[in-house]
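Owing to the predicted nature of the structure, the values given are computational and were not obtained by experimental measurement.
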Amino acid sequence: MSSETAPQQLLSTDENPEWYSYCCSELSKVNPSGGRLDGMRAILTRAAWMWDNGRTITVGFVAPVIGTPVQQAKVQEVVKEWERHANLKFRFIPNGNDAEIRISFQTNYGSWSYIGNTALQIAKPNPTMNYGWVYSTPGVTDNERGVILHEFGHAIGYLHEHQSPRRGEKLTLNEPVIIEYYRRTQNPPWDEAKTRANVLNVYSRAEVSNFSATDFTSIMMYYMPANFNLQGINIPPNNKLSAIDKAYAFLNYPFLIGAQSADPSVNILSALNAAGVTGPSRANIALEYIEGDWQGLRAEFTRWTLNQRAASATAETAA
């Protein structure tokens with residue numbers, strides 16, 4: 001792996017608390033200047049990084065660790081859950097070096113993924129995704145299911161939920177504790193500015209296309225110990241897609257008329273209801289769906305989420 005994508009340090013359970021293994025890095029910049037963690041950003045999307053709707057994306061397993069048949073089978077099985085809610089297909093090909101998403105299983109390098117179609121800009125055969133804690137033991141554990149769904153969430157364009165522009169409505173991070181943690185655990189140590197950029201700062205509206213009120217149950221939400229936020233909320237690992245995850249997957253990658261999910265309960269009405277879209281925005285999205293315009297639908301959905309954020313900000317100011 002190149003120096004641009006290699007972790008700054010190996011992750012060791014002897015050096016980090018148990019919950020650390022549930023965190024991942026997303027690579028939301030191509031060719032980050034200061035190592036892989038400089039690309040960190042964590043359901044949120046950025047339109048330019050999303051795939052075209054209905055696309056078939058090739059996936060393969062690559063060196064330095066291609067994984068065992070058991071590890072590979074776990075990924076192939078779990079990723080079908082995203083296919084039930086997003087109109088995308090993941091086609092696993094024998095020669096992983098030719099794939100668009102290239103997966104490795106380096107055990108001490110954490111779990112991470114490039115975001116959406118930025119994977120296309122990574123030189124082959126370098127990995128675009130890594131699983132550090134998907135093992136060769138029989139059966140898929142809850143934690144393995146969670147990390148596979150999470151990294152493929154990044155692969156279809158989603159960012160980390162804990163940096164949502166609407167985080168402040170529900171969660172206030174304990175900044176001194178987090179700053180000290182990253183100063184102590186990173187090699188070289190992170191200063192306050194770096195921790196703010198990579199962990200504490202929320203995305204600006206210019207950085208993301210659509211986002212909900214912070215969803216603690218999202219597959220894209222970090223596991224977080226209670227001392228990391230002022231509310232004292234312990235956020236456990238999320239190992240399955242939340243209702244919002246599913247709704248946003250459909251509304252960003254809709255099964256238009258003539259296409260259908262393998263799950264008959266997945267449809268435009270269930271997605272709009274779960275996302276809470278009402279009023280004129282709901283009618284506009286439904287119209288784009290009927291007309292078969294997925295780009296228009298995605299744009300209308302983005303407009304609705306931005307309006308929701310504006311309304312929330314107005315309410316906060318009034319309070």
Side-chain angles (χ1 to χ4, degrees), residues 41-55 82-88 115-117 153 156-171 202-221 241-261 263-319:
R41 287 289 190 259
I43 209 168
L44 308 170
T45 61
R46 186 170 181 176
W49 293 342
M50 299 182 75
W51 304 89
D52 285 351
N53 190 52
R55 197 182 191 285
W82 277 118
E83 292 181 327
R84 281 192 281 273
H85 300 281
N87 187 13
L88 294 169
I115 304 299
N117 61 27
I156 68 173
Y158 290 134
L159 308 174
H160 279 136
E161 187 68 13
H162 74 278
Q163 289 182 282
S164 168
R166 297 182 67 180
R167 183 185 70 200
E169 298 170 21
K170 295 184 179 181
L171 200 66
V202 299
Y203 301 111
S204 71
R205 295 200 314 185
E207 292 178 295
V208 296
S209 301
N210 51 61
F211 47 91
S212 68
T214 302
D215 178 10
F216 290 162
T217 65
S218 171
I219 196 67
M220 306 311 296
M221 184 72 192
L241 302 183
S242 71
I244 295 296
D245 291 337
K246 296 174 182 178
Y248 274 55
F250 185 96
L251 293 169
N252 283 305
Y253 296 105
F255 291 92
L256 298 172
I257 296 173
Q260 188 172 354
S261 166
D263 183 345
S265 69
V266 175
N267 55 62
I268 185 66
L269 292 179
S270 64
L272 289 170
N273 290 340
V277 182
T278 59
S281 294
R282 185 183 179 100
N284 291 339
I285 291 172
L287 179 61
E288 299 291 353
Y289 176 81
I290 292 170
E291 293 181 347
D293 185 353
W294 64 266
Q295 292 172 309
L297 192 160
R298 190 182 284 177
E300 288 293 338
F301 181 52
T302 296
R303 187 173 294 111
W304 174 78
T305 64
L306 294 176
N307 288 339
Q308 290 295 106
R309 170 56 181 163
S312 173
T314 299
E316 289 176 10
T317 301

Could you give me the CA-CA distance, side-chain angles and deciding distance for Phe255 and Asn267, then say whether side chain to side chain contact (heavy atoms under 4.5 Å, CB included) is met? CA-CA 7 Å; Phe255 291 92; Asn267 55 62; over 6 Å; no
Start with the C-alpha distance between Ile268 and Ile285, add both sets of side-chain angles, then the distance that settles side chain to side chain contact (heavy atoms under 4.5 Å, CB included), and finish with yes or no. CA-CA 9 Å; Ile268 185 66; Ile285 291 172; 4.3 Å; yes
Report the C-alpha distance between Leu272 and Tyr289 in whole Å, list the side-chain angles of each, state the deciding distance to 0.1 Å, and finish with yes or no for side chain to side chain contact (heavy atoms under 4.5 Å, CB included). CA-CA 11 Å; Leu272 289 170; Tyr289 176 81; over 6 Å; no
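Taking all atoms of both residues into account, the shortest heavy-atom contact from His85 to Val266 is ND1-CG2, 3.5 Å. Between Ala274 and Ala243, the closest heavy-atom pair is CB-O, 4.0 Å. For the residue pair Asn273 and Arg282, the shortest heavy atom distance occurs at OD1-NH2, 2.8 Å. Nearest approach of Asp245 to Trp82, heavy atoms of both residues: O-CZ3, 4.2 Å. Among all heavy-atom pairs drawn from Leu297 and Leu251, the shortest one is CD2-O, 3.1 Å. Between Ile244 and Ala275 the shortest heavy-atom distance is CD1-CA, 4.2 Å.
There is a side-chain donor-acceptor pair under 3.5 Å between Asp263 and Ser265.
Rounded to the nearest 0.5 angstrom, Thr302 OG1 and Asn252 CG are separated by 6.5 Å.
The environment of CD in Gln260 is sparse: at most 12 heavy-atom neighbours from other residues, nucleotides or ligands sit within 6.0 Å.
No donor-acceptor pair under 3.5 Å is formed between the side chain of Tyr253 and the backbone N or O of Met50.
Remark: Arg84 fails to qualify as a cation-pi partner of Phe250 under the 6.0 Å distance and 45° angle criteria applied to the six-membered ring.
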